[in-house]
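Report on the following structure.
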Amino acid sequence: MTWFSDWWGGGTAVIEPAIQRDAARLAHLHGASFHRGWGEGEFEVMLTERNTLVHRLRLGRKIIGFAVSRMAADEAELLSIAIDANQRGRGLSRNLLLTHLGHLAGRGVRKVFLEVEENNQPARRLYEWAGFEVVGRRERYYQQPGGEQLNALLMRRDLS
């Protein structure tokens with residue numbers, strides 16, 4: 001468990017492993033953050049898989065964010081990271097991401113990959129700040145509700 005006191009006076013933020021009963025809240029946060037949100041059942045499955053690492057970010061008793069990665073050998077893919085819309089812009093995602101990456105490294109992960117929508121500037125800034133570099137591009141990878149297709153950037157960070 002990692003905790004840090006936030007500078008805006010909102011209390012102590014805690015980063016800790018997510019548990020099974022968090023699935024509904026994680027699904028809600030994901031659905032509010034992405035065009036195609038994952039359901040509660042998808043989170044329930046991820047929370048039971050040994051090769052999946054899920055951290056929750058808690059402020060008081062309320063879960064306000066999460067990070068989830070899937071590991072294979074010495075590599076991992078950051079599948080998703082989300083922060084409650086009312087809590088964004090306060091540096092919480094930086095602490096969450098760095099803590100999550102530290103736990104991946106502690107499990108022997110040496111390289112982390114992720115995909116990010118090319119137009120998602122806040123997420124790109126976060127990942128670049130955390131040391132991720134663009135290593136590829138997938139044309140028209142993300143399908144928007146209106147039919148528009150957006151490009152994805154493939155990013156990588158070495159942890160070793």
Side-chain angles (χ1 to χ4, degrees), residues 1-117 120 122-133 135 152-160:
M1 178 168 59
T2 303
W3 65 272
F4 54 96
S5 183
D6 51 48
W7 52 269
W8 69 93
T12 299
V14 178
I15 300 166
E16 58 197 357
I19 57 176
Q20 198 70 34
R21 71 171 181 250
D22 297 333
R25 177 65 182 151
L26 301 180
H28 173 79
L29 284 167
H30 196 271
S33 300
F34 299 99
H35 299 294
R36 191 201 80 71
W38 297 338
E40 183 176 346
E42 290 170 281
F43 276 100
E44 287 173 349
V45 169
M46 284 187 277
L47 288 163
T48 63
E49 294 174 330
R50 288 191 10 218
N51 68 331
T52 303
L53 182 63
V54 185
H55 282 103
R56 67 184 184 188
L57 172 62
R58 191 171 45 79
L59 195 57
R61 293 186 175 178
K62 186 174 184 183
I63 298 171
I64 61 165
F66 70 87
V68 57
S69 291
R70 184 160 286 137
M71 301 167 286
D74 66 345
E75 295 182 353
E77 180 182 6
L78 180 65
L79 300 175
S80 190
I81 185 169
I83 300 287
D84 185 289
N86 296 325
Q87 302 294 335
R88 292 180 190 153
R90 297 177 173 166
L92 294 166
S93 60
R94 289 180 172 195
N95 291 318
L96 176 59
L97 179 58
L98 290 183
T99 299
H100 189 74
L101 293 174
H103 282 270
L104 289 171
R107 291 183 177 213
V109 170
R110 298 169 63 91
K111 293 179 183 166
V112 180
F113 295 88
L114 62 85
E115 292 159 351
V116 62
E117 188 180 288
N120 187 341
R124 287 183 60 186
R125 279 193 299 275
L126 170 66
Y127 298 139
E128 289 165 3
W129 171 87
F132 283 85
E133 296 178 352
V135 295
L153 296 179
L154 179 62
M155 301 183 82
R156 183 183 91 197
R157 177 181 167 183
D158 295 336
L159 297 180
S160 54

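What you see is a predicted model, and the numbers here were worked out from it, not measured in a lab.
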Q: Search all heavy atoms of V45 against all heavy atoms of T48 and return the closest pair with its distance.
A: O-OG1, 2.7 Å
Q) For the ring pair F113 and F132, is the centre-to-centre distance below 6.0 Å? A) no
Q: Show the numbers, then the answer: is there a salt bridge (charged side-chain N to carboxylate O under 4.0 Å, His left out) between E16 and R58?
A: CA-CA 8 Å; E16 58 197 357; R58 191 171 45 79; 2.7 Å; yes
Q. Roughly how far, to the nearest 0.5 Å, is the OG atom of S69 from the CG atom of L104?
A. 4.5 Å
Q: Find out whether E40 and E44 are in side-chain contact, i.e. whether some heavy atom of one side chain is under 4.5 Å from a heavy atom of the other.
A: yes
Q. Excluding sequence neighbours, so at least two apart, what forms side-chain hydrogen bond (donor to acceptor under 3.5 Å, both in side chains) with E49?
A. T52, R70
Q.
Measuring only between side-chain heavy atoms, which start at C-beta, is E128 closer than 4.5 Å to L126?
A. no
Q: Return the orientation label for the W38 and H30 ring planes: parallel under 30°, perpendicular over 60°, tilted otherwise.
A: parallel
Q. Hey, what do you get for CG (L29) to CZ (R56), rounding to the nearest 0.5 Å?
A. 12.0 Å
Q) NE2/H100 to OG/S93 distance, rounded to the nearest 0.5 angstrom? A) 13.5 Å
Q: Just do the side chain to side chain contact (heavy atoms under 4.5 Å, CB included) check on L114 and E77 with the steps written out, would you?
A: CA-CA 5 Å; L114 62 85; E77 180 182 6; 5.5 Å; no
Q) Would you say V68 and M46 make side-chain contact, with heavy atoms under 4.5 Å? A) yes
(Q) Is the shortest side-chain heavy-atom distance between M155 and V135 below 4.5 Å? (A) no
Q. R25: what forms a salt bridge (charged side-chain N to carboxylate O under 4.0 Å, His left out) with it, not counting sequence neighbours?
A. D84
Q | Derivation and outcome, side chain to side chain contact (heavy atoms under 4.5 Å, CB included), residues L98 and W129 | A | CA-CA 10 Å; L98 290 183; W129 171 87; 3.3 Å; yes
Q | Side-chain touch M71/L53, heavy atoms, less than 4.5 angstrom | A | yes
Q) Heavy atoms, side chains only, cut-off 4.5 Å: are L78 and L97 in contact? A) yes
Q) What's the spacing between L57 CG and I64 CD1 if we round to 0.5 Å? A) 4.0 Å
Q: Just jot down the salt bridge (charged side-chain N to carboxylate O under 4.0 Å, His left out) partners of R88, sequence neighbours excluded, or say none.
A: none
Q: Report the C-alpha separation of D158 and K111 in whole Å, then their side-chain angles, then the decisive distance to 0.1 Å, and conclude whether the salt bridge (charged side-chain N to carboxylate O under 4.0 Å, His left out) test is met.
A: CA-CA 4 Å; D158 295 336; K111 293 179 183 166; 5.1 Å; no
Q. Would you say the side chain of I63 lies within less than 4.5 Å of the side chain of D22, judging by non-hydrogen atoms?
A. yes
Q | Distance-only donor-acceptor check, side chains T99 and H55, under 3.5 Å | A | no
Q) About how many Å separate CZ of R90 and CG of L59, when rounded to the nearest 0.5 Å? A) 8.5 Å
**Q.** D74 versus G108, closest heavy-atom pair with distance
**A.** CB-O, 3.6 Å
(Q) Tell me if the CD atom of E133 is crowded by more than 12 foreign heavy atoms within 6.0 Å. (A) no
Q: Could you tell me whether the side chain of Y127 reaches within less than 4.5 Å of the side chain of I81, counting heavy atoms only?
A: yes
Q: To the nearest 0.5 Å, tell me how far S33 OG sits from I83 CD1.
A: 8.5 Å
